[in-house]
Structures are given as C-alpha cells and as structure tokens.
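Just follow the structure's listing: the first ligand is 1, and inside any ligand the first atom is 1. Numbers for residues simply follow the sequence, beginning at 1.
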Amino acid sequence: MSSAGVDPAGLRELAEQVARAGGDLIRAGLAEDPDAREVSGTKSSSTDIVTAMDQAVERLLRERLAEARPADGLLGEEAGYSPGESGLTWVLDPIDGTVNYRYGIDAYAVSVAVVEGDPTVDGAWQPVAACVHNPATGETWTAGRGLGAQLQPGDGSAPRELKLGPPPELGQALVATGFGYAATRRAGQARVLTGVLPQVRDIRRIGSASLDLCGVATGTVDAYYERGVNVWDIAAAVLVLTEAGGALAGLRGAPAGGAMVVGAASPLLEGLCDVLGQLDADSDPT
Ligand code: IPD
Ligand code: CA
C-alpha cells in the first residue's frame with residue numbers, strides 16, 4: 001500500500017483485468033458480427049464518430065469497476081462523469097482510436113486509468129495505476145505509481161520493463177501527433193505542423209493518443225504532441241510514460257492537458273515545447 005491506503009499494485013491488476021475484458025468484448029463482437037464496425041452516431045462534428053462497440057465496452061468497464069470498487073468515481077468518454085467518495089476516479093476510453101477501429105486499422109486501444117484528484121481539471125489529477133490494451137495486436141501496457149511501466153507483447157513473449165534512454169536531438173526525433181475533430185482546430189494544427197515538420201526527423205499520425213504516448217514509452221516514436229485531447233485519451237498512457245522515465249508538459253508552464261500535451265524524455269521534451277510555444281500551438285485560429 002502507498003499513501004492514504006492506496007494500493008497501486010492491486011489497482012493495476014484491476015485496470016488490466018477490465019481493459020482485457022473490454023478487449024475480449026471487441027474481439028468477440030468483430031468475430032460474430034460483420035457490422036460491428038458500423039458507426040452509430042456522431043458527437044462534436046460529423047467526423048467525431050461513435051460505434052455501438054464504444055458504448056458496449058464502456059458499459060462493461062463501468063459495470064465491472066462499480067462492482068469491484070463501488071466507492072470510486074467513474075469518468076468515461078461515452079457516459080460522462082459520476083463522482084465517487086473514495087478520492088479515486090476511473091478514467092475510461094473504451095476505444096481510443098475509434099476511426100481506426102471503424103476502418104479496421106489495428107491501432108486502437110482500451111484505456112483504463114485510476115487517478116487521484118479532480119479528473120475534470122487539467123493538472124489537478126495524478127494517475128495511480130493504468131492499463132492500455134490494444135485488442136487487435138494484444139499489446140498491453142501497464143503501470144503503477146512507483147512500480148514502473150511494463151509492456152506485454154501481443155505474441156505471448158515475455159513482458160518487459162520499459163525504461164527510456166537518452167532521447168535524440170529534436171532534428172533526429174520521430175514525433176507523433178494527432179488532430180482534433182473541428183475544422184477550425186485542424187486548420188491551426190495543419191499550420192503548426194508546417195512549422196514542426198522541417199525541424200524533426202519525421203511525423204507520425206497513428207490515430208490513438210494513448211498508443212502514441214505508449215509508443216514514446218516503448219521507443220517506437222520519440223515524442224508526441226497534440227492540442228485538444230481529453231483526459232480519457234491520455235490518463236492511462238501518461239502513467240506508462242512517466243513510469244518509463246519520460247515526462248509530460250503543456251506550453252508556457254501550463255500542465256499537460258486540453259490546451260496542449262507534449263510527451264518525451266528530457267531534454268527533447270523542453271526542445272519540442274520551445275518550438276511549439278514559438279508556433280503558438282496552444283491556440284486555435286481566430
Ligand atoms: C482520438 C484519438 C486521436 C486523437 C484525437 C482523439 P478517439 O480519440 O486519440 O488519435 O488525435 O484527438 O480524440 O476519439 O478515437 O477516442
Ligand atoms: Ca474513444
């Protein structure tokens with residue numbers, strides 16, 4: 001147990017159990033129903049889609065967590081916020097990378113984090129335990145506060161502890177990023193991209209913020225930045241990255257969050273933040 005009776009190891013186990021159960025539901029749904037990738041609605045814009053699977057997985061995660069931890073809060077992308085009484089909140093993205101899921105691209109994840117503090121305010125929450133599970137590849141990242149970060153490969157080979165080495169210089173860095181769903185924001189993100197691209201090795205737009213951050217923790221990309229992410233996109237992967245020795249920041253001293261999240265090992269993190277700050281990457285076109 002750590003401070004105030006919080007048990008990161010036990011919470012990590014539960015996070016993994018429910019994330020894998022969500023992944024099983026997705027795999028079973030795809031095996032049984034050729035239409036399981038169909039879009040059932042849209043949210044903030046016509047490209048911000050939701051499928052029946054997003055909703056079914058979130059229902060399953062909520063049921064399992066409410067049963068196991070009735071005093072904890074729940075905050076999920078599809079069903080919103082139900083505050084709890086324990087000081088802990090489970091932050092859930094049933095499918096992070098829904099567009100990839102829809103198109104059959106194997107880069108989406110069930111993201112489950114448990115955080116202390118207020119998950120509705122950037123900088124006011126701290127993750128305690130987390131799991132990011134990619135049901136298509138089987139790759140599963142776990143982390144617990146003070147317990148390191150682990151990757152269980154999808155091929156059943158041995159799990160490995162993640163430990164970041166020194167990062168490359170900015171000019172040699174492979175940088176992941178993502179784009180929002182609103183046209184105005186995307187116009188701003190495209191402008192920022194034209195400023196970043198000449199200064200880095202290359203850019204990747206993988207399509208799942210949690211997998212981007214886990215990619216930084218694993219070393220398959222060197223850094224990640226994005227404006228406009230929600231807490232459920234990043235809460236679990238933030239812990240994976242920090243426990244692997246990386247760090248997160250916003251711009252101009254702000255905490256990582258909706259305005260901007262940048263993740264990398266130092267000093268690449270600071271170098272990328274400087275470039276993004278000069279490009280005003282934390283604001284939208286007026
Ligand atoms: C999205 C993905 C994407 C990122 C968007 C997120 P969703 O999450 O993480 O990579 O660029 O900002 O909204 O909608 O697939 O859960
Ligand atoms: Ca989602």
Next on the checklist: Counting C-beta onward and ignoring hydrogens, is there a side-chain heavy-atom pair between Gln152 and Arg20 closer than 4.5 Å?
Outcome noted: yes
Checklist entry - For ligand 1, which atoms have a heavy atom of Ala209 less than 4.0 angstrom away? => result 2 (C), 9 (O), 10 (O)
Item to check | Atom name, Glu77 (N, O or S, nearest to the Ca ion (ligand 2)) | outcome: OE1
Checklist entry - Does the salt bridge (Lys or Arg N to Asp or Glu O under 4.0 Å) test come out yes or no for Lys43 and Glu77, once each step is laid out? => result CA-CA 11 Å; Lys43 296 186 282 186; Glu77 173 166 15; 2.9 Å; yes
Checklist entry - For ligand 1, which atoms sit closer than 4.0 Å to a heavy atom of Glu77? => result 14 (O), 16 (O)
Checklist entry - Any N or O on Val229 sitting closer than 3.5 Å to an N or O of ligand 1? => result no
Checklist entry - Is there a heavy atom of Tyr101 sitting under 4.0 angstrom from any atom of ligand 1? => result no
Checklist entry - Which heavy atom in Cys273 sits nearest to a heavy atom in Ala249, and how many Å separate them? => result SG-CB, 4.0 Å
Checklist entry - For ligand 1, which atoms have a heavy atom of Gly97 less than 4.0 angstrom away? => result 7 (P), 15 (O), 16 (O)
Checklist outcome for this item: The atom of Asp93 among N, O or S that is nearest the Ca ion (ligand 2) is OD1
Next on the checklist: Under 4.0 Å from a heavy atom of Phe179: which atoms of ligand 1 are those, numbered in the order shown and with their elements?
Outcome noted: 5 (C), 11 (O), 12 (O)
Next on the checklist: Heavy-atom pairs closer than 4.0 Å: do any link ligand 1 to the side chain of Lys43, the backbone, both, or neither?
Outcome noted: neither
Item to check | Any N or O of Asp212 closer than 3.5 Å to N or O of ligand 1 | outcome: no
Checklist outcome for this item: Between Ser40 and Gln55, the two heavy atoms sitting closest are OG-OE1, 3.8 Å
Checklist entry - What heavy-atom pair brings Ala217 and Leu164 nearest, and what distance separates the two atoms? => result O-CD2, 3.7 Å
Checklist entry - Ile95 near ligand 1, heavy-atom distance under 4.0 Å? => result yes
Item to check | Asp280 vs Arg252, salt bridge (Lys or Arg N to Asp or Glu O under 4.0 Å): CA-CA, chis, key distance, verdict | outcome: CA-CA 10 Å; Asp280 292 327; Arg252 299 172 238 283; 3.3 Å; yes
Checklist entry - Any N or O of Ser208 that comes nearer than 3.5 Å to an N or O of ligand 1? => result yes
Checklist entry - Any nitrogen or oxygen of Gly228, main chain or side chain, under 3.5 Å from a nitrogen or oxygen of ligand 1? => result no
Checklist entry - What closest approach, in Å, do Arg37 and Tyr101 show between heavy atoms, and which atom pair accounts for it? => result NH1-O, 2.7 Å
Checklist entry - What about Glu226: any of its N or O atoms under 3.5 Å from an N or O on ligand 1? => result yes
Next on the checklist: Quick check for you: to the nearest 0.5 Å, what is the distance between Asp233 atom CG and Leu211 atom CG?
Outcome noted: 11.0 Å
Next on the checklist: So for ligand 1, is Gly178 a polar contact partner (N or O within less than 3.5 Å, distance only)?
Outcome noted: no
Item to check | Other ILVMFWY residues reachable from Tyr103 by side-chain steps of under 4.5 Å | outcome: Val39, Ile49, Val99, Ile105, Tyr181
Item to check | Metal check, the Ca ion (ligand 2) vs Val50 N/O/S, cut-off below 3.0 Å | outcome: no
Item to check | Proximal candidate to atom 8 (O) of ligand 1 [heavy atom criterion; set Ile49, Thr98, Asp96, Asp93] | outcome: Asp96
Next on the checklist: Is the shortest side-chain heavy-atom distance between Ser210 and Trp141 below 4.5 Å?
Outcome noted: no
Next on the checklist: Only heavy atoms of Gly207, strictly under 4.0 Å: list the atoms of ligand 1 that pass.
Outcome noted: 2 (C), 3 (C), 10 (O)
Item to check | Atom of Ser82, atom of Arg62 and distance for their closest heavy-atom approach | outcome: OG-NH1, 3.3 Å
Next on the checklist: Give me the nearest non-hydrogen protein atom to atom 13 (O) of ligand 1 as residue plus atom name, then the distance to 0.1 Å.
Outcome noted: Tyr181 CE1, 3.5 Å
Checklist outcome for this item: In short, Val229 meets Gly257 closest at the heavy-atom pair CG2-O, 4.1 Å
